[in-house]
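To start, the structure itself, in structure tokens.
Protein chains get the first letters and strands the later ones, always in sequence-line order, with residue 1 at the start of each. Since this is a predicted model, take the numbers as computed values, not measurements.
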Amino acid sequence: MHPLPGFRDIYPEDFAIRRYIFHTWRTSARLFAFREYEAPTLEPASLYEKKNSGSEILEQLYRFTDRGGREVALRPELTPSLTRMLISHAPSARKPIRWFNIGNFFRYERQQKGRLREFSQFNADIAGESSPTADAELIALAIHILRSLGFTPSDIVVRLSSRSAWLDFTNAQNIPQNLLPELLSIVDKIERDPPEVIQHRLIQLGISPEALYQFINSPPEDAFSTLLSELTAYGCSDFIQLDLRIVRGLAYYTGTVFEIFDRQRSYRAIAGGGRYDTLAHTLSDGSLHLPAVGLGMGDVVLSNLILQTPHTLQKFHDWLSNDLDVEIYLILAEPSLRPQAISLVSQLRSSGYRVEFPLTTTKVAKQFASAEAAGARFALLVGSEWPRVKLKILAQRKEIELDSQSLPQSLNQIIQNLKTT
RNA sequence: GUGACCGUAGCUCAGUCGGUAGAGCACCAGAUUGUGGCUCUGGGUGUCGCGGGUUCGAGUCCCGUCGGUCACCCCA
């Protein structure tokens with residue numbers, strides 16, 4: 001009995017990092033005033049065909065025919081679903097639209113390092129604003145997330161590029177525009193393929209390798225001036241590097257594109273995104289013009305990186321220590337007081353404490369061991385002293401006797417005092 | 001889709017020449033009938049991934065298959 005290839009059972013020990021990442025994604029996006037939304041996990045397969053006809057993306061789709069004879073697919077990405085939602089919502093929505101989503105996505109591919117068949121991804125998009133200031137806001141959000149997780153400019157880099165810059169290049173070189181996709185696919189492979197192969201493909205296209213390398217080596221800074229000055233104002237410039245070799249694979253990008261990598265390049269991209277100003281136009285069959293810019297950040301590479309970078313791992317552990325699974329373990333030393341103990345547990349839970357207690361009668365020593373093993377901060381002993389109870393601060397081995405009547409309130413005070421000392 | 005390496009307990013792994021399964025950690029119980037991290041004692045919790053073949057006998061050898069890891073491909 002195994003999960004399917006590329007799918008994972010996630011046990012509570014491993015779920016903690018996901019909770020941490022999701023929490024950081026969600027709180028960061030809300031700090032940037034993005035609103036959360038959701039789209040269906042299962043979509044008509046045609047949603048992915050329309051925007052990318054003839055693409056090999058279709059081979060990586062989990063697709064099947066449902067009982068109603070519909071061709072359906074598990075979503076491999078969110079942008080097409082989002083665009084559909086925007087098409088019906090955008091005409092009456094306040095602009096710019098700033099939305100984010102956290103969800104699971106599926107790709108039928110062989111798994112490898114940093115890549116599974118089901119993964120979680122954070123998506124944030126700004127629609128209805130064509131200025132590069134929107135691109136900057138989105139990149140600033142990505143950096144805010146990574147900073148919140150403890151990453152610094154010496155850990156990661158945002159490689160910034162632009163498809164419109166490449167379009168300008170083709171114009172300046174008198175390269176026919178219909179060769180742009182082929183050119184971009186060559187550029188995309190510059191870092192992976194041997195130079196001879198790149199050279200050969202360029203010459204076949206009638207493009208001068210010298211001109212291309214010169215373009216890459218001296219990016220046209222004017223084309224990025226607004227974006228770069230905004231990012232500097234956000235305090236993000238240390239993370240940014242102009243790098244025209246980034247073009248991204250998807251056909252729908254039209255302007256700014258970017259990818260975020262770990263500096264050691266031990267993984268594929270942590271995040272990526274870009275501007276797609278014509279997708280709404282295409283998907284609405286020309287009825288809506290809606291410029292948009294989007295960002296995607298997956299959980300697989302990110303969690304690996306957090307766990308293997310010492311200072312981000314430390315930050316994760318610090319966060320976990322304030323997010324205990326069990327805060328109070330109630331020890332029932334006198335089984336006849338079980339009803340009173342349960343009532344006390346209920347009060348504490350209503351006050352917001354995470355409380356566990358033994359479901360069957362066991363020895364006190366065993367109960368203390370369970371409290372310890374559960375990682376509880378306090379043990380609350382209910383026994384012969386009733387209606388008084390003993391509160392033990394486990395880490396300090398200190399015990400305080402309290403009146404059970406006053407409990408949730410007196411506990412609040414004790415915790416406040418512990419924090420200030 | 002192609003290729004390489006790897007599959008033994010929950011985890012990390014040992015298992016000789018082919019002779020019917022073992023260690024540490026973890027877990028459960030007790031030593032200890034109201035106080036936890038140490039110690040001691042007891043407990044194996046297993047479809048040796050699965051199927052077939054060779055053999056008197058297979059965890060071990062052979063074939064197939066499934067799964068894992070990584071690379072290619074592709075990258076949303």
Could you label the plane-to-plane angle of the A:Y20 and A:F316 rings as parallel, tilted or perpendicular, counting under 30° as parallel and over 60° as perpendicular?
-> tilted
For the residue pair A:Y62 and A:F106, categorise the inter-ring angle as parallel (less than 30°), tilted (30 to 60°) or perpendicular (more than 60°).
-> perpendicular
Options [options], nucleotide nearest the side-chain atoms of [X]:
X	options	value
A:P5	B:C73, B:G68, B:A76	B:G68
A:E259	B:C75, B:A76, B:U35	B:A76
A:Q112	B:A76, B:C73, B:U35	B:C73
A:R8	B:U69, B:A76, B:U35	B:U69
A:K113	B:C70, B:U69, B:C74	B:C70

Run the ring-centre check on A:W166 versus A:F215 and record whether the distance is less than 6.0 Å.
-> yes
Pick base, sugar-phosphate or nothing for [X], based on heavy-atom distances below 4.0 Å to the nucleic acid.
X	result
A:K363	sugar-phosphate
A:R75	nothing
A:G383	base
A:G375	nothing
A:L381	base
A:K189	sugar-phosphate
A:E13	nothing

[atom1] atom, [N] versus [M]: distance in rounded Å?
N	M	atom1	result
B:C63	B:A26	P	41 Å
B:C40	B:U60	C1'	38 Å
B:C66	B:G10	P	24 Å
B:U45	B:C28	C1'	9 Å
B:G59	B:G18	C1'	10 Å
B:A21	B:A29	P	28 Å
B:G51	B:G67	P	16 Å
B:C38	B:U33	C1'	22 Å

So, [X] and [Y], do they make that salt bridge, N to O below 4.0 Å?
X	Y	answer
A:R107	A:E77	no
A:R18	A:D299	yes
A:E109	A:R117	no

Kindly determine whether A:H89 and A:W99 satisfy ring pair (Phe, Tyr, Trp, His ring centres under 6.0 Å), including the steps that lead there.
-> CA-CA 12 Å; A:H89 195 269; A:W99 287 0; 5.3 Å; yes
Just to confirm, is there a sub-4.0 Å distance from OP1 or OP2 of B:U69 to any side-chain nitrogen or oxygen of A:Q111?
-> yes
In terms of the nearest nucleotide of RNA chain B, which residue is placed more toward the 5' end: A:Y108 or A:I393?
-> A:Y108
Please determine, for [N], whether a Watson-Crick or G-U wobble partner exists with both distances under 3.5 Å, and give it or none.
N	result
B:A14	none
B:C5	B:G68
B:A29	B:U41
B:C75	none

Interatomic distance, [X] [atom1] vs [N] [atom2] [rounded to whole Å]:
X	N	atom1	atom2	value
A:R265	B:C75	CZ	C1'	14 Å
A:E334	B:U33	CD	P	15 Å
A:R268	B:A71	CZ	P	8 Å
A:L116	B:U69	CG	P	7 Å
A:I260	B:C75	CD1	C1'	16 Å
A:Y329	B:G37	OH	C1'	16 Å
A:Q60	B:C73	CD	P	13 Å
A:R117	B:C73	CZ	P	18 Å

Do [X] and [N] have a side chain to base donor-acceptor pair shorter than 3.5 Å?
X	N	result
A:E399	B:U35	yes
A:R110	B:U2	yes
A:R115	B:C74	yes

Close side-chain approach of A:W386 to A:L344, heavy-atom, < 4.5 Å | yes
